[in-house]
Engineer: 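Please read through the structure below; I'll follow up with questions.
Keep in mind the model is a prediction, meaning the values are calculated, not measured.
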Amino acid sequence: MSLYPHKTIESKWQKIWEDKKTFHLPDKIDEKKPKFYALDMFPYPSGEGLHVGHPEGYTASDIVSRYKRMKGFNVLHPIGWDAFGLPAEQYAIKTGTHPKLTTEKNISNFRRQLKSLGFSYDWDREINTTDPSYYKWTQWIFKLLFDRGLAYQQESPVWWCEELGTTLANEEVIDGYSEVGNFQCTRKPLKQWVLKITDYAEKLLNGLDKLDWPESTKEMQKNWIGKSEGAEIYFLTSKSEKNTPIDIFTTRPDTIFGATYLVLAPENDLVNELTTNTKKNEVSKYIEQSKRKSDLERADLQKIKTGVFTGSYAINPANKKEIPIWIADYVLAQYGTGAIMAVPGEDQRDWEFAKKYKLPITRTVEPPEDFLGEAYNGEGISINSDFLNGLNIAESKKKIVSWLEENNYGKGKINYKIRDWLFSRQRYWGEPFPIIYVKDKPKILPEKYLPVILPNIKNFKPSGSPEGPLSNAKDWINTTDPVTKEKAMRETNTMPQWAGSCWYFLRYIDPFNKLSLVDPKIEKYWMPVDLYIGGSEHAVLHLLYARFWHRVLYDAKIVSTPEPFKKLIHQGIILGEFEFILYINKNDEPVSLEFVEKNKDLRNNDQLINKKITSDEVIKKGDQFFLKSDEEIIVESRAFKMSKSRGNVINPDNIISKYGADAFRLYEMFMGPLEQVKPWNTRGVEGTFRFLNKVWRLFTDNGNISPSIKKLEPKKLQLQQLHVTINKVTNDLEEFKFNTAISSLMEFINAAQKWDYVPLSIAKEFILLLSPFAPHLCEEIWEILGSKITLAYEEWPKLDATLLIKDSVNIAIQINGKLRGNIEVKKEATKEDIIKISKANKNIQLNLKDKKIEKIIYVPNRILNFVAK
RNA sequence: GCCGGGAUGGCGAAAUGGUAGACGCGCCGGACUCAAAAUCCGGUUCUGGCAACAGAGUGAGAGUUCAAGUCUCUCUCCCGGCACCA
C-alpha cells in the first residue's frame, strides 16, 4: 500500500493559498464580526534557520487561527522579523559581509521554512524591524518618550562588555557575564540613554492582575519590579563637620529602637564627608577593594561580610543614642538610598555583620519561646521599643511612621527594585537615535525629519569606546540642525534589540500607514492581542519592556488599551531525543552514575567519556536504568537540550521532506501539553504520519473519492461517534489542549475504519475538524470529496448535544471502593434496577458473601458502591 | 535561601473526588507475502494463575472520604526563575 503523496499535496496547497491570497485580511473588513488577534513572538532570523522549537508555538497559534476563522471570526495572524541584533553584526565583523545582506538571506530562508509548514499568515503584513519605514516609528516612539520626559542621559556605572564592544542592560548580564555569548563584563562609568521605566513601576505592577498569563511569568515580573513598602528615615550625624543627614530606607521602621549602627554602601556620596581623618586610609583601601571586586565576587562572597568603621556617629532619632556609621559592600548602592539602619536583632545579614565586628544587638520583637535562630524576623510583639512596646508589627509600623512624620525624622516610602532601562548600545546594527548634539547639548529631531537612516559603513569593528562603530561614518555624524541650521553631530549609539519588538504587534494592524504608527480606528478594533504565544525566556525582558511602551502609548492616547497582550502562553521547549548514557573511564571500564559528577569520577577525579547506548542494552530496576551486561552499573537516562555541540539538533526541513508538514505539525501538537518541556522522538512523527495515511486511505482511492464513502444517511452510531469528536475537539481547542484533541480525532478514525461505509456528510465534517491541524491533506481531501476550493472559511461543525447521550451505560460496581464488576444497563435504569442486577452478578455475590451491606452509594451513569462489613 | 512548576507503564502522555494508564510510540503474537516493507487483527502496569479472578500499584509517609493520581499536612527529588533588594 502506498503512502500518501504529501510532497505534491503540500506544495500544491501552499501555492494555491499564496496565489489566491487565501489568508490575506483585506483592509476593509466586516467589523460587525468578532475579531481574534493571534500573535507569535516574531523570530530573529538567525543563520541556523528554524529549529523544531520555533514551529511548536507557531503551529499552536496557526491551529487556533484556522479554527477561529471557521468559527466566523476576523482573524489577524501576522508574522515578521526581529532583524536588528548582534549575531548579524558579529558575522559582519568576522567576514565583512554587511548585516543587511546576511539579514536578507536569513529572512528568505526563514520565510521559505515557515511557508513549508503551511502557516496561515497574512504575508502581506510582513514587517521587518530593520526597514526604515518601520524603524521610523520606533524612533518616533523614542521621541514620544523623550518629549514626555521618559528618556534621559545619565553618566553612571553601566555594564560594559569588552568582547561585544558594547554596554548591556542589567538584565542582559548574568553573574557578570553577558547573556549573549557569555563574555565577562565590567562596570564602567559612561554617559548613556536611559528610559524611565521606574516611573511606570506601579502601573506595570497593577496591570498584571487582569492578565490571563502564566502565574510564574506574572510572579517573575512582580519580583522584578520588586515593590516594598517601608519608610525613609533621616539620621543626623554627630561629630561631623557638615552634619548632612543620612537617608536610609527600611521596610521595618518598627525596629528602629534596635538600630545599633548604620551602614553605607562604599559608593555612597556621603562616605567621604563622614570618614574621620584617622580612618581615611582604612576606608579608602576598603573602597578600592570593593571596586575591584566584580559583582560575581561580591555575590560569591555573600556569606562573608566585610566592612570598615568611618569614625563617625549618628543619632538614632528614636532613642537618641549615638550609633557608629560603617561602610560595607553588603549594602547595595543602587537600591533604596544606598544606606541602611542595621537592626541585627531582626535581620540575619546585620546579625552576621554585628557578630563579626562585635556591634551591639538589641531585639525589638519578642520571638517565640522555642526560637533557636539568630535574627528573628517573624511575627511578634514589640519589646525594648519605648512607646511601641506591646504592639504587633503592623501596629508598630503605623505608629512609628506617623511619629517620624510628625517629628520630621522621616516618612513612609515605597521603594522599587526595578531600575531605569539602559537604552543605548555601542553597535552598528540597530535603530539610530533621532538625536543630534548642538554645542554638545542633545536635541530631539522633529517628526518630519524621521527616520534617521542608518548609514552604510564598511568597518563594523567595535571602536572600544562608547562611540561605537557609527563614529567611523564621518559624513553621517557631521550634520546641521535642520531647524536652526547650526552645526550638529549625530548620536552614534543605537537602540537595543528590544526596541523593535516593543511595539511590532501594533504595526501589523496597519503596516503601510505613512502618516501614523497605527490608525486609531483600526487599532481600536484589533487590540488587544487575544492570544500571544512565545517562549518563557522573554518572561521579563521583552514582555515587560513591551508593556512599558504600550502603557506610555496608552497614556499618550495613541492606543486604546492599557495592556497589549490579553492571553499569553509559553510553549515548552523541545529537548533532543531521550538518551541512555554510559560513562566510561580511561581503562574502558563502565562507571556507575552514582560516582559521576560533571563528567568526572568522584572517587579519583578521572575524566570520563560519554557513550550513547541503546535501550536494548539497559534494564530498568526501581526508578533507575542499569546496564544489562553488568547490573551494578547505573546508566544516565534523560533528554538533553538540543545543541550543536551535543549533536542532537533536529532540523525541521528533514522531517518535513520525509513525513510532510502535516505529520510534523500534528506530532508537535500531539507530544503533550503545549506549555510542557518534552523530548523529541522521531518515531512519534511516524505515528502521526501513519494516522494521516489512514485518513487518506479511508477517504480517497487513487486520488478519487473512495468507494467506501457513500452518499447515504448516517446511522445513529456513526453520528454519535462524530458528535463525540466534535464536542471533544471543540472544547479542547478552546482550552488549547491540542494533544487530547488529536487523540479524539484518532479515535474517530479507528472507529470509522470498522464501519461498512462512511457517509459523505460525516466524512466532510470530520475533515473540517482535522483541517486546522493538518490543513494541506484536508484541503486535498475536501476537494476530492467534491467541495469548492478551500475549506479555510467553511463553518465549523456544530454540535448536536442530544447525540452525546448514549442508549445504554456502563456502570462500575464497587465493594468498599474496590472495583468488583461492570454492568451494562439501559440509560433509564433506576438505582433499584442497578442494585438488583449487580446483586445477581456472580462475582459481586462472591465478594459480598459473609458481609453485611451498610450503605449503597450510587453515582448516576457511573458507579454503584456497596459499603459492607 | 526564596518564589513558581513538576513527579503516573519501557517512552510521550490521559483521567469534572467516581472503572488509573485513553491516544500514540516501542515491544510480543498472528494474518497477508516466496520474502521483506507497508497494512490489518490481537496482546502489552507489575505479581500469581490455563483461565475466571485475586493481590499490589500514580515520588515517600500520614490524614479527610463510601471512594484520592486528583483534597489537606509533612518530606524527597527534578525543572525554571530570583538571590546580600534592608
Engineer: Taking N and O atoms by type only, does the side chain of N810(A) place a donor or acceptor under 3.5 Å from a partner on the base of U19(B)?
Structural biologist: yes

Engineer: Rounded to the Å, how far apart are L575(A) CG and C11(B) C1'?
Structural biologist: 14 Å

Engineer: Please measure how far the C1' atom in G29(B) lies from the corresponding atom in G80(B), and state the result in whole Å.
Structural biologist: 45 Å

Engineer: Give P214(A) one of three labels, base, sugar-phosphate or nothing, depending on what nucleic acid heavy atoms sit under 4.0 Å from its own.
Structural biologist: nothing

Engineer: Give a yes/no answer on whether the side chain of R683(A) brings an N or O atom under 4.0 Å of OP1 or OP2 in G12(B).
Structural biologist: no

Engineer: Generate the contact string for nucleotides 50-62 of chain B. Rules: B means base contact, S means sugar-phosphate contact only, - means no protein heavy atom under 4.0 Å.
Structural biologist: ---SSSS------

Engineer: May I ask you to say what G687(A) touches in the nucleic acid, namely base, sugar-phosphate or nothing, with a heavy-atom cut-off under 4.0 Å?
Structural biologist: sugar-phosphate

Engineer: Report, one pair per line, the protein and nucleotides 15-18 of chain B atoms (nitrogen or oxygen only) whose separation is under 3.5 Å.
Structural biologist:
unit_1	atom_1	unit_2	atom_2	d
U16(B)	O4	R862(A)	NE	3.4

Engineer: In terms of relative ring orientation, are F578(A) and F580(A) parallel, tilted or perpendicular, with 30° and 60° separating the classes?
Structural biologist: perpendicular

Engineer: For A86(B), take OP1 and OP2 only and decide whether either is under 4.0 Å from a side-chain N or O of Y335(A).
Structural biologist: yes

Engineer: When you measure from the centre of the six-membered ring of Y858(A), is the NZ or CZ of K831(A) under 6.0 Å away and within 45° of the axis?
Structural biologist: no

Engineer: Check whether any side-chain nitrogen or oxygen of N750(A) sits under 4.0 Å from OP1 or OP2 of C23(B), and answer yes or no.
Structural biologist: no

Engineer: Dump every N/O contact between nucleotides 70-81 of chain B and the protein below 3.5 Å, one line per pair.
Structural biologist:
none

Engineer: Base, sugar-phosphate, or nothing: which does T688(A) touch, judged by heavy atoms less than 4.0 Å apart?
Structural biologist: nothing

Engineer: Is the ring pair F689(A)/H6(A) parallel, tilted or perpendicular, if the boundaries are 30 and 60 degrees?
Structural biologist: perpendicular

Engineer: Nearest whole Å is fine: how far is A22(B) C1' from F691(A) CZ?
Structural biologist: 15 Å

Engineer: Which whole number of Å gives the distance between the P atom of G43(B) and that of C25(B)?
Structural biologist: 16 Å

Engineer: State whether the distance check finds a donor on one side and an acceptor on the other, under 3.5 Å, for side chain K222(A) versus base C3(B).
Structural biologist: no

Engineer: Does G17(B) sit syn or anti, given that only angles within 90° of 0 count as syn?
Structural biologist: anti

Engineer: So Q753(A), base contact, sugar-phosphate only, or nothing? Heavy-atom distance under 4.0 Å.
Structural biologist: sugar-phosphate

Engineer: Rounding to an integer number of Å, can you tell me how far I742(A) CD1 sits from A22(B) P?
Structural biologist: 18 Å

Engineer: Starting at the 5' end of RNA chain B, which residue's closest nucleotide do you reach first, R252(A) or Q676(A)?
Structural biologist: Q676(A)

Engineer: Heavy-atom nearest nucleotide on RNA chain B for S228(A) versus M671(A): which residue maps closer to 5'?
Structural biologist: M671(A)

